[in-house]
Amino acid sequence: MPDFHHILFPVDFSERCRALRPFVKSIGERFGAKLTLMHVIQLPPASYGDLEGGFPIMIDVPAMLQDGQKQLDSFFESPAPSLSVQKVVEQGDPAACITSYAEQHGIDLILMPTHGYGKFRSLLLGSVTAKVLHDAKCAVWTTAHTENPKLASRPDFRSILCAVDLAPESAGLMRYAANLAQEFKAKLRLVHAVSITEARPEKYMDTEFNQALFEMDREEIAKLQRQAGTELELCLAAGSVSTVVRNAAVYNNADLVVIGRGKLKDAFGRLRTNAYAVIRDSPCPVLSV
């Protein structure tokens, strides 16, 4: 079973963040985890002065830190007595502060909503979320990138989807997802995007070739399942990874998608390359490990 002993919840006081409070409390209680709330104050670039020798804008940093601490202290109303909660306010780059704190304090799970602003919102992950996903060494749970995400107040996962590729690490990911599904008594399925070449215009007519690709991938995933000790239902489809995962999540009414993000300098096959797109397009929360 994934061990979530210490959970980090970055807080920016946005509506998305506030909407996550009941869920964060509940998941902390479920795993008996220590919960750390973190608020990071990022000073505007102008506060450091410009390159032409202009006078810097004077900012009362101690007052900002004090105000941030005051807001954080009232952010969780009446947490359960069994839930150990601590609050941290730091100054600096939010993503750097989050990942550094996580590494230094043995964080097992980072819980955070995604953000993105402006006309091209649907094409973006928030920059802080993207950096945390790239640099964090622990598991990261993110909400779906939707305008008004509606989340259950408790982590009641009934249908979990585990997105896998053909990398050897997928066997470990399958075991991880299987243990998670067992904890929540959820139905677990695998999903895999078959890579069909886009080079030939006649590809749609080459049904025998495409079928051979499907069978090859099916056999490789069967081998990985034997290594993992699982016998899970497999959803196979051709197309981009994010599209295939999204369609499978919608079809199976998934409550959670589990993906392998891989380490910073250790690629996790096609999923490492497509992790941001999967999280951005998923209709439900994503746990990347």
Side-chain angles (χ1 to χ4, degrees), residues 1-5 27 30-31 108-111 133-134 136-142 144 155-196 213-279 281-289:
M1 176 62 207
D3 293 322
F4 298 145
H5 300 297
I27 203 166
R30 183 179 190 110
F31 289 97
D108 306 298
L109 175 66
I110 299 174
L111 282 162
L133 285 165
H134 187 269
K137 296 180 180 179
C138 62
V140 180
W141 184 99
T142 58
D156 185 21
F157 305 132
R158 299 179 182 276
S159 175
I160 299 176
L161 196 66
C162 179
V164 298
D165 53 25
L166 305 182
E169 293 86 353
S170 285
L173 181 66
M174 292 174 189
R175 284 192 294 269
Y176 185 100
N179 288 333
L180 188 67
Q182 183 176 10
E183 167 68 18
F184 288 99
K185 296 180 174 57
K187 172 68 176 179
L188 176 63
R189 300 174 179 86
L190 303 179
V191 59
H192 172 69
V194 179
S195 178
I196 293 180
L213 288 177
F214 269 72
E215 291 306 315
M216 288 173 57
D217 284 13
R218 192 185 302 276
E219 290 175 9
E220 289 300 313
I221 292 175
K223 292 178 184 177
L224 291 168
Q225 288 221 63
R226 286 194 290 272
Q227 294 176 28
T230 60
E231 295 181 2
L232 301 169
E233 178 184 331
L234 173 63
C235 307
L236 279 178
S240 70
V241 174
S242 63
T243 299
V244 169
V245 173
R246 174 182 173 78
N247 290 344
V250 171
Y251 181 80
N252 292 288
N253 196 26
D255 303 302
L256 181 71
V257 171
V258 179
I259 65 172
R261 190 174 73 252
K263 297 179 181 178
L264 180 59
K265 296 181 180 179
D266 183 17
F268 200 100
R270 293 177 70 210
L271 276 174
R272 177 66 169 102
T273 308
N274 291 278
Y276 300 164
V278 170
I279 294 167
D281 296 341
S282 174
C284 61
V286 177
L287 177 64
S288 54
V289 299

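Every side-chain contact (heavy atoms from CB on, under 4.5 Å) that Glu215 has, sequence neighbours left out, goes to Gln211, Arg218. Take Arg175 and apply the side chain to side chain donor-acceptor pair (under 3.5 Å) test, not counting sequence neighbours, and it matches no residue. Qualifying side-chain contact (heavy atoms from CB on, under 4.5 Å) partners for Lys137, counting only residues two or more places apart in sequence or in other chains: Glu103. The side-chain contact (heavy atoms from CB on, under 4.5 Å) search around Ala238 returns Ile196, Phe214, not counting sequence neighbours. Evaluation of the side-chain contact (heavy atoms from CB on, under 4.5 Å) rule for Ala178 yields Leu188, Thr230 as partners, not counting sequence neighbours.
The shortest distance between side-chain heavy atoms of Tyr276 and His134 falls below 4.5 Å. Counting heavy atoms from C-beta on, the side chains of Cys162 and Leu173 come closer than 4.5 Å.
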Practice prompt. Begin from the C-alpha positions of Val245 and Ser282 and carry the test side-chain contact (heavy atoms from CB on, under 4.5 Å) through to its verdict.
Written response: CA-CA 7 Å; Val245 173; Ser282 174; 5.8 Å; no
Discussion item. With side-chain contact (heavy atoms from CB on, under 4.5 Å) as the criterion, how do Leu287 and Phe157 come out once you've worked through the C-alpha distance, each side chain's angles and the decisive distance to 0.1 Å?
Written reply: CA-CA 12 Å; Leu287 177 64; Phe157 305 132; over 6 Å; no
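When all heavy atoms are compared, the tightest approach of Asp255 to Arg158 is OD2-N, 2.8 Å. Residues Ser159 and Ala186 approach most closely at N-CB, 4.2 Å, considering heavy atoms. Counting all heavy atoms, side chain and backbone alike, Phe4 lies closest to Phe31 at O-CB, 3.6 Å. The shortest non-hydrogen separation linking Asp165 to Leu224 is O-CD1, 3.8 Å. Scanning all heavy atoms of the two residues, the minimum distance from Val164 to Ser170 falls at CB-OG, 3.9 Å. For the residue pair Ala193 and Gly239, the shortest heavy atom distance occurs at CB-O, 3.8 Å.
Of the inter-residue distances, the one linking Ile279 atom CD1 with Leu133 atom CG reads 4.5 Å to the nearest 0.5 angstrom. Between the CD1 atom in Ile160 and the CG atom in Leu180 there is a gap of 4.5 Å [rounded to 0.5 Å]. Put simply, CE on Met174 and CG on Leu190 are 5.0 Å apart, with the number rounded to the nearest 0.5 Å. The OH atom of Tyr176 sits 15.5 Å away from the CD atom of Glu169 when rounded to the nearest 0.5 Å.
Among Asp108, Leu109, Ile110, the single residue meeting the side chain to side chain contact (heavy atoms under 4.5 Å, CB included) criterion with Cys138 is Ile110.
Judged as a side chain to side chain donor-acceptor pair (under 3.5 Å), the pairs with a partner in residues 242-254 (not counting sequence neighbours) are, in order, Arg189-Asn252, Ser240-Thr243, Ser242-Asp281.
More than 12 heavy atoms of other residues, nucleotides or ligands lie within 6.0 Å of CD in Glu233, so this atom counts as buried by the packing criterion.
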